[in-house]
Structures are given as structure tokens and as C-alpha cells.
Amino acid sequence: MSGTILRLGLLTVLLAAIARVQVWREDTGTPVLLAAGALLLCGMFAGKVAKGVGLPRLTGYILVGVVLGPYALEFIPGAGVKGLELVKGLAVSLIALVAGTELHLGLIRRVGSKVAILCAAVCGITFGVCFAAVFALKPVLPFLAPMTVPQALAVSALISTVVVSFSPTVTIAIVQETQARGTFTEFLMALVIIGDLFVMVAFAVATGVTKASFGAGFDFQGLVRDVGWELFGSVGVGALLAVAMLVYMRRVNRELPLFLVGLCFAAAEGGTRLHLSPLLVALAAGALIANLDERQSQRIHHAIQLAGLPVFALFFAAAGAGLKLDTLMTVGPAALVLVLVRAVAIHQACRRFAPTEDPRLRRYLWMGLISQAGVTFGLAALVARTFPDFGPQVEVLIVAMITTHELIGPVLTRRSLEKVGETRGDERPHTA
Amino acid sequence: VQALLVFLAVAALSLLASSRTLLDPGRFPGVAQLVASGLMFLIFGALLGPGQIGVLTARDLEGLRPVMELAQGTAGVILGLNLEPRLLRSLPRQVFSAALSHAGVAFFFVAVPMAVTLLLTTRLPLPAVVGGAALLGAAASLSSGHFAVLGYRSGRMERSRGLAVALLTMLDDGVGLGVLALALVLGAAASPAEGVGLLSLALLLGMLCGALIAFLTYGLKDPAELVAAMLGGVALVGGAAAYLRVSALLAGVACGATLALVGGKAVAQVARALGRFERPTYLVLVFLVGCYVQARDVEAWVLLPGYVALRFLGKVVGGKLATRFAAGTLELPPRLGHALIAQGGLALCLVAQYLVLVPGELSQHIFDVVVLGAVINELLARRAFRQVLEPHRVAPPAPPVPPAQEGAA
């Protein structure tokens with residue numbers, strides 16, 4: 001442990017020295033690669049330190065990013081963190097691919113309907129409560145205050161759909177890290193994945209309604225087309241990806257980790273360009289492989305664990321470095337209210353609607369649903385792009401919420417898995 | 001989008017390059033040679049880059065600069081790791097003399113006439129011209145031993161001779177890197193004193209990172225952690241150098257050499273971990289180098305025949321000198337110079353680094369001459385190498401060259 005802290009300290013000293021030299025040097029280049037190397041190394045050792053003090057590795061990755069990033073010590077320039085966008089898509093795809101390999105038909109038959117019902121209840125209640133809270137905050141939110149009531153209602157609904165979203169990335173990463181196995185873990189993973197689908201549909205509808213409230217008209221056909229393409233198109237592309245992976249593993253069968261990283265990168269980047277969901281694409285590919293060829297799905301699982309450490313450490317450390325701490329100052333109180341309201345709503349929904357046969361679900365499931373990360377970031381950015389008038393301010397509010405959720409979410413998720421007794425320790429250091 | 005394009009292009013080219021038809025030297029000898037050496041990636045890069053079709057624009061290349069820097073840093077670290085102090089100390093002085101003679105003669109054969117030509121045809125200041133011409137000489141001095149290695153592996157050349165040629169080509173890297181340092185001192189800063197300062201900064205940065213990586217990897221047993229630490233370390237040294245606008249290649253070499261010196265038992269593991277990324281990194285680097293080529297650079301086309309011919313001559317004369325110096329120490333083949341015509345990836349790294357750190361018209365000409373020259377030299381090298389082989393060993397047809405064995409050499 002002390003050796004790991006010393007290594008982390010030396011890395012920090014080197015970064016401080018580089019930042020100091022950069023001040024003297026008038027002519028500087030792009031900092032993207034420096035950010036990648038520094039966050040990967042610091043993330044890796046911070047993860048070890050976090051594990052040593054009983055926290056999830058993921059929290060270590062995020063915290064070191066926050067500390068070294070442009071909003072705290074400034075050892076890693078903002079432009080460098082911004083340039084790491086590519087890693088985000090890659091990490092989400094890799095994580096979703098692993099998650100997909102866990103989605104066996106048997107599991108879906110066993111818990112599918114119960115998960116869907118609970119998910120609808122949790123999403124519905126959280127949406128309703130957050131919607132009311134956002135609308136109630138109208139006088140104090142600068143972007144909402146000048147709007148008419150119908151407009152404010154529509155924007156409140158839009159914000160609430162984003163606020164409802166969960167984080168499959170964080171949940172799956174924590175499950176990987178703790179090697180949790182059991183009915184509770186299955187239920188939790190299935191719920192965050194299905195919840196994500198609910199949110200995608202709801203977000204599309206809310207966007208359409210908000211556009212209509214600002215006079216753009218409501219294009220129902222376009223809405224159905226877009227949502228359909230995103231859902232079914234993603235599954236279709238995922239199926240193609242699964243076929244490509246199976247063919248490669250059966251015919252070429254060399255350097256599988258490298259191949260998967262390359263393929264997931266192409267899927268993430270290509271999927272984004274085609275307006276597909278990279279998460280759903282990779283999830284569908286993983287699920288198809290798991291149900292077609294169990295042996296190959298195990299190999300994918302193993303290969304991603306080998307290739308995963310650098311990608312996950314970099315992804316979460318970069319996410320931490322990108323957290324705009326200054327936004328907490330401007331919209332902090334409103335964001336904090338929403339964080340509390342959301343947590344209470346999820347807690348109460350789980351208490352009332354979780355299946356009775358497993359009391360653990362009623363007591364601990366809510367803890368696994370607090371995290372927010374990649375999906376929420378993506379939706380917030382989409383709001384900012386779609387509604388340039390007020391979208392950027394909405395993004396700031398949501399990013400402030402994510403900042404809080406990213407710091408407490410992983411700890412709560414891990415705690416819930418430990419409480420229900422489904423973790424198997426963290427022996428393998430190459431997990432997220 | 002640009003990263004996706006590069007990835008897809010490299011993936012498609014890799015698939016193409018694994019085709020047995022293309023790799024069969026009996027069908028398309030020139031194409032097979034270029035595919036096996038990876039230079040086909042360079043040609044496609046040149047076609048897709050802003051100089052030709054323009055699928056990748058100059059702005060895209062700017063966005064891809066970190067990838068280029070990563071490749072440069074990786075190349076540097078791999079080179080540095082190969083500088084095993086114990087092995088170098090055990091080599092007799094005659095071997096160094098032989099390596100220096102074949103590299104040095106080619107250097108002077110190219111650098112001096114090119115300096116005169118550039119001085120007469122351009123109005124650039126003397127230090128810039130000297131730096132540029134020195135870099136042309138440095139690129140010319142570099143040779144790749146992949147023909148010799150493949151020659152003895154396929155039984156067409158005696159093993160001792162093949163290894164001796166490979167050893168000489170490895171040692172000439174020192175000349176190339178030394179001249180790059182000189183060219184950067186002269187061209188990358190406002191004054192030579194500042195240039196020396198920047199060079200020292202690059203080397204110091206590399207040494208610090210090398211020592212730090214050695215410490216970070218000490219005690220790491222898990223392969224995934226080792227790979228992560230190595231990748232992070234390479235990115236850190238390349239990225240820090242790029243951020244401070246000093247040479248990522250030289251910083252990488254200093255990092256690798258320090259790691260080899262103080263890394264202890266971890267060095268072998270680290271080198272193995274890094275070795276898995278060597279070929280993909282090389283192919284991406286070659287592709288990106290190709291993207292920077294300006295095929296309509298008339299001055300470069302004018303200089304090119306002179307550069308190739310002078311280098312050939314320099315290698316032939318230098319080879320004779322090297323044979324004389326190494327007599328009794330190394331068993332070198334007759335007509336050694338003909339075995340030294342192929343150029344390795346380092347020549348491309350040198351000029352790419354120069355182009356990035358000393359942007360301008362002159363460095364673009366130099367870059368274009370060396371890159372185009374590398375392709376021509378690769379094609380010439382195949383024919384020239386036949387002159388080195390003993391007559392009774394030429395007869396068996398050459399087997400297809402597996403891409404994994406070549407190119408990165």
C-alpha cells in the first residue's frame with residue numbers, strides 16, 4: 001500500500017514538473033497524449049489505493065482524475081481531457097459487450113417481466129417526482145424562469161427524463177470488479193440496462209414535445225422512426241458485429257484483446273455517426289454470442305478483462321478530470337435538491353414495488369441505481385446541442401448532478417453488492 | 001471521424017496485406033515486397049492524405065497528431081530498450097568502426113552534395129540548410145537488416161553472415177539519432193544554445209520517465225497491469241515530449257535506454273508487453289507518415305534521383321570500408337553494400353519528427369524526398385540483395401514473406 005502511494009506521489013511530482021516547465025515554454029503542443037498517459041498511470045495506481053482503503057477501484061480512478069484535472073490541481077490541461085472523447089465510446093462498448101455476454105435467454109425468461117415492471121415503476125415515480133421538483137424550482141433556475149408554463153412543463157419533463165437515467169457502465173464495472181454473482185446482481189444489471197432503454201424512448205418523446213412547445217411542431221412519424229432506428233438499428237448492427245466476432249474467433253483467432261478493442265472502437269465511433277446507441281450495439285452483440293456459443297462468450301469475457309484495465313482506468317479517470325467542479329458553485333443548490341429528490345424517489349419506488357420474494361431487493365436495490373455517468377453525459381450534451389437557447393444551462397445543471405453521483409454512486413453500488421453477500425472479493429487486479 | 005477513418009483504412013489494408021496472393025513474390029514481386037515491408041500502408045496513406053485524394057484533410061492530420069506522437073514515442077522506447085549496455089560493451093571496437101563506416105560514408109555522400117545544392121537553390125540561412133541536409137544524410141545512413149534476417153532464415157544466406165549484417169544495420173541507428181539531435185539543435189529553436197537546451201530537456205524527460213516506469217513496473221506480476229503500466233509510460237513520455245514541443249522519438253529512446261539500464265528483471269517482461277503493439281503501431285505510423293507526403297512537391301522529385309543514387313553509391317563504398325574494418329571479427333558477405341540498401345522505419349520516424357518540430361518548406365521537401373526514397377530503396381533492395389547471395393543459394397524460390405516478420409525491422 002505504501003509503495004503504491006509512493007508511486008502515485010512520484011507520478012504527481014513528475015506531472016507537476018511538466019506543468020511547471022510548460023509555463024516557461026512559450027511554444028507548446030497538444031496535451032492529449034500526455035493526458036492519456038498520465039490518467040492511465042495515475043488511475044491504475046489510484047485504483048489500487050482505493051482498493052486498499054476499501055473503496056471501489058473505480059472511485060480511485062475518478063478521484064485521481066478530479067484531483068489532477070483542470071478544475072483542481074490543473075496538472076492535466078482541459079484540452080487534453082477533451083481530446084480523450086474517443087476513449088469514452090470505446091470503454092462503453094467494451095463494458096456493454098461484457099454485460100451482453102451475461103444476458104442469457106434463461107435469465108431473461110426468469111426475471112425479465114419482474115424487472116420490466118419494477119423498472120417502469122422506478123422510472124415512472126422518479127420521473128414524476130423530479131418533474132415536480134424541477135417545475136417547482138422554476139423561479140430559481142435562470143433558464144426556466146422566463147419560459148411560459150407549457151414551455152416550462154415541457155423542459156421540466158425533458159430534464160426529468162435525463163435525471164432518471166442510470167449508469168449501466170458504472171454498475172457493470174463494479175460487478176466486474178467485485179466479481180459479484182447471484183440473483184440480486186442479475187436483477188440489478190438487467191434493471192439498469194432495461195432502464196436505459198426506457199430512458200432512451202422517453203427522452204426522444206420529451207425532446208419532440210419540447211420542440212413542439214417552442215413552436216417547431218410535433219413530428220410523430222419522425223419520432224417513431226428515430227426511436228425505432230436507434231433501438232432496432234442498434235440491435236441489427238450488434239448482430240452483424242456478433243457474426244464478425246464469431247468468424248474472427250473461429251478462423252483467425254489471434255490477438256483477440258487487440259481485435260476486440262479495435263472492433264469496439266469502430267462500433268462506438270461508427271454507431272455514433274449512424275445515430276445508433278453504442279451501448280445497445282455492443283450489448284446486443286454480446287448477448288447474441290452468449291446465446292449462440294457459450295465457449296466463445298467466455299473467451300470474450302477473458303479477453304476484455306485483459307484489455308479492459310487500461311481502457312477502464314483511462315475512461316473513468318478522464319471522466320473524473322472532466323467533472324466541472326466550478327458548476328457545483330453556480331447551480332450546486334438546485335442540483336443538490338434534485339440529487340436528494342431522485343435518491344428518495346428511487347428508494348421509495350424500490351421499497352414499494354420490488355418483488356416480495358427477495359427482501360434484499362427492497363432493502364438494497366436502490367443503492368445500485370444511484371450512479372450516473374456516460375449515458376447521462378450523452379443525453380445532457382444532446383440537450384445542449386438540440387436546444388442551443390437553454391440547453392447549455394441544462395447541461396451544466398445535469399453535469400453538477402453527475403459530479404455528485406459519480407462520486408457516491410460507485411461506493412453505494414459496491415456496498416449494496418457486499419450487503420447482499422454476492423461479491424467474491426477483488427482478487428484479480430485487472431478488473432475495472 | 002478521422003480516427004475512425006484511419007482505423008478502418010489500416011484494418012482494411014491489414015486484411016489486404018494478409019492475402020496470400022499479394023504476398024506471393026512469384027506473381028507480383030514489387031507489390032509483395034511493399035506489402036510485406038508495410039510500405040504499402042505508406043502508399044495508401046499518401047493516396048488518402050491531403051496531398052492526393054484528400055479523404056483525410058490537413059485538419060484531420062492535426063487532430064491525429066497524438067497518434068503520431070504515440071507511435072514516435074513507442075518507436076523510441078523500443079529502440080532504447082534494444083540498447084542493452086552489456087551487449088554493447090561486449091562488442092569489439094572493429095564492429096563499431098564497421099557500422100560507423102557504412103553509415104558515415106552514406107551520410108557524407110548524401111549530406112554534402114545535398115547541402116551544396118540546397119544552398120545554391122534556396123535562400124535559406126546556413127544553419128537551416130545544414131540541419132536539413134544533415135537529416136537527409138542521416139536518413140540515408142540508415143539501413144534495415146530484414147533482407148539479411150529473412151535470407152538466413154530461409155537458408156539463402158549463411159546464418160553468421162546474416163546476423164553480422166543485421167548487427168551492423170542495428171548499430172547505424174545511433175548515427176541516425178545523433179544527426180536528428182544535431183538537426184533539431186540547429187533548426188528547432190531560435191538559437192543553437194536554445195536548441196541544446198531543448199534537446200537536453202527531451203533526454204532528461206526520457207530518462208526521468210524511464211526510471212519512473214522501471215519503478216512503477218517493479219513488483220507488478222499481473223500481465224494486464226504490466227501492459228497498462230507500459231502503455232501509460234509510453235504515452236506519458238511521448239505525450240510530455242509533444243506537449244513541451246521536444247522530440248518524442250529522442251525522449252522515447254532515452255526512456256527505453258534508462259529502462260534497459262535500471263529496469264532489472266522487469267525489462268524483458270516490459271519489452272514483451274510492448275512487442276505486442278510494435279507491428280500495429282508501426283503500420284499506423286507508416287500510414288500517417290504517408291498522409292503527410294506532398295506528391296506534387298516538384299523540388300522533392302528533382303532531388304529524389306540524386307538522393308537515391310548517392311545513397312546507393314555511399315552504401316556500396318561504405319560497405320567495402322566496413323568489410324575491411326570488420327575483417328577477422330565479423331563474417332560479412334562480399335558486396336556488403338548491396339545488402340544495406342533497404343531502409344527501416346526509423347528513417348521515416350526521423351523525418352516525420354523533423355517535419356513536426358521544424359515545420360516549413362524545406363522540412364517538407366526533405367520529408368518527401370526521404371519517404372519517396374524509402375519506397376524506391378525497398379524496391380531496389382530486393383534486386384541488390386541478390387548480388388549478395390552466393391550463386392548456389394539463389395536458386396530456391398523465395399517463400400512468401402509473412403508480414404509479421406518484416407517491416408518493423
Side-chain angles (χ1 to χ4, degrees), chain A residues 3 6-7 10-11 13-15 17-19 21-22 24-45 48 77 80 83-84 86 252 254-255 257-259 262-263 265-266 268-270 272-273 305-314 428-431, chain B residues 1 3-5 7-8 10-11 14 18 62-63 65-70 72-73 188-189 198 201 204-205 208-209 211-213 215-225 227-246 248 276-277 279-280 356-357 404:
Chain A
L6 178 63
R7 284 169 169 84
L10 284 175
L11 273 166
V13 169
L14 179 69
L15 289 174
I18 291 169
V21 174
Q22 186 269 333
W24 297 330
R25 193 97 167 85
E26 284 172 15
D27 183 19
T28 50
T30 166
V32 178
L33 188 59
L34 171 70
L39 288 173
L40 169 52
L41 285 175
C42 294
M44 192 173 99
F45 288 101
K48 279 169 166 272
L84 292 175
L86 287 176
V252 184
R254 275 187 314 185
E255 294 292 350
L258 214 56
F259 171 77
L263 199 69
F265 171 71
E269 282 301 296
T272 311
R273 307 290 153 209
Q305 282 195 332
L306 276 178
L309 173 66
V311 178
F312 297 159
L314 183 52
R428 284 178 297 180
H430 44 269
T431 50
Chain B
V1 181
L4 181 63
L5 270 175
F7 173 76
L8 292 178
V10 171
S14 300
S18 62
E62 194 59 37
R65 191 63 75 72
V67 182
M68 185 82 152
E69 286 151 0
L70 178 64
Q72 295 267 9
L198 292 180
L201 177 63
L204 180 69
L205 189 67
L208 279 176
C209 287
L212 188 62
I213 295 171
F215 182 59
L216 295 181
T217 49
Y218 179 77
L220 286 184
K221 291 189 179 71
D222 182 74
E225 282 192 335
V227 169
M230 198 57 235
L231 283 178
V234 169
L236 183 68
V237 67
Y243 185 44
L244 299 175
R245 292 277 295 164
V246 294
R276 293 177 65 188
F277 298 92
R279 182 72 184 170
V356 168
L357 291 176

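Just so it is clear: chains get the letters A, B, ... in the order the sequence lines come, proteins before strands, and each one is counted from 1.
Arg25(A) has its side chain out of reach of Gln22(A): every pair of non-hydrogen atoms, C-beta onward, lies at least 4.5 Å apart. Residues Val356(B) and Gln72(B) form no side-chain contact, since every pair of their non-hydrogen atoms from C-beta on lies 4.5 Å or further apart. Between Leu220(B) and Met44(A) the shortest side-chain heavy-atom distance falls below 4.5 Å.
For chain A, the nearby parts of Leu70(B) are the backbone and the side chain; heavy atoms of each come within less than 4.5 Å. Interface remark: Leu14(A) contributes side-chain atoms only to the contact with chain B (heavy atom separation under 4.5 Å). Both the backbone and the side chain of Leu33(A) come within contact range of chain B, each with at least one heavy atom under 4.5 Å from a heavy atom of that chain. Looking at Leu208(B), the atoms closer than 4.5 Å to chain A (heavy atoms on both sides) all sit in the side chain, from C-beta outward. The contact between Leu15(A) and chain B is made entirely by side chain atoms (from C-beta outward), counting heavy-atom distances below 4.5 Å. Contacts between Arg7(A) and chain B at a heavy-atom distance below 4.5 Å involve backbone atoms as well as side-chain atoms.
For Phe215(B), the CZ atom sits in a packed shell: over 12 heavy atoms of surrounding residues, nucleotides or ligands are nearer than 6.0 Å.
The residue among Gly80(A), Ala268(A), Pro77(A), Ala36(A) with the most heavy atom pairs within less than 4.5 Å of chain B is Pro77(A). Between chain A and the residues Leu198(B), Leu205(B), Ile213(B), the most heavy-atom pairs under 4.5 angstrom are made by Leu198(B).
If you take CG on Leu40(A) and CZ on Phe45(A), they are separated by 9.5 Å, rounding to the nearest 0.5 Å. Distance check, rounded to the nearest 0.5 Å: OH of Tyr243(B) to CD1 of Ile18(A) gives 9.5 Å.
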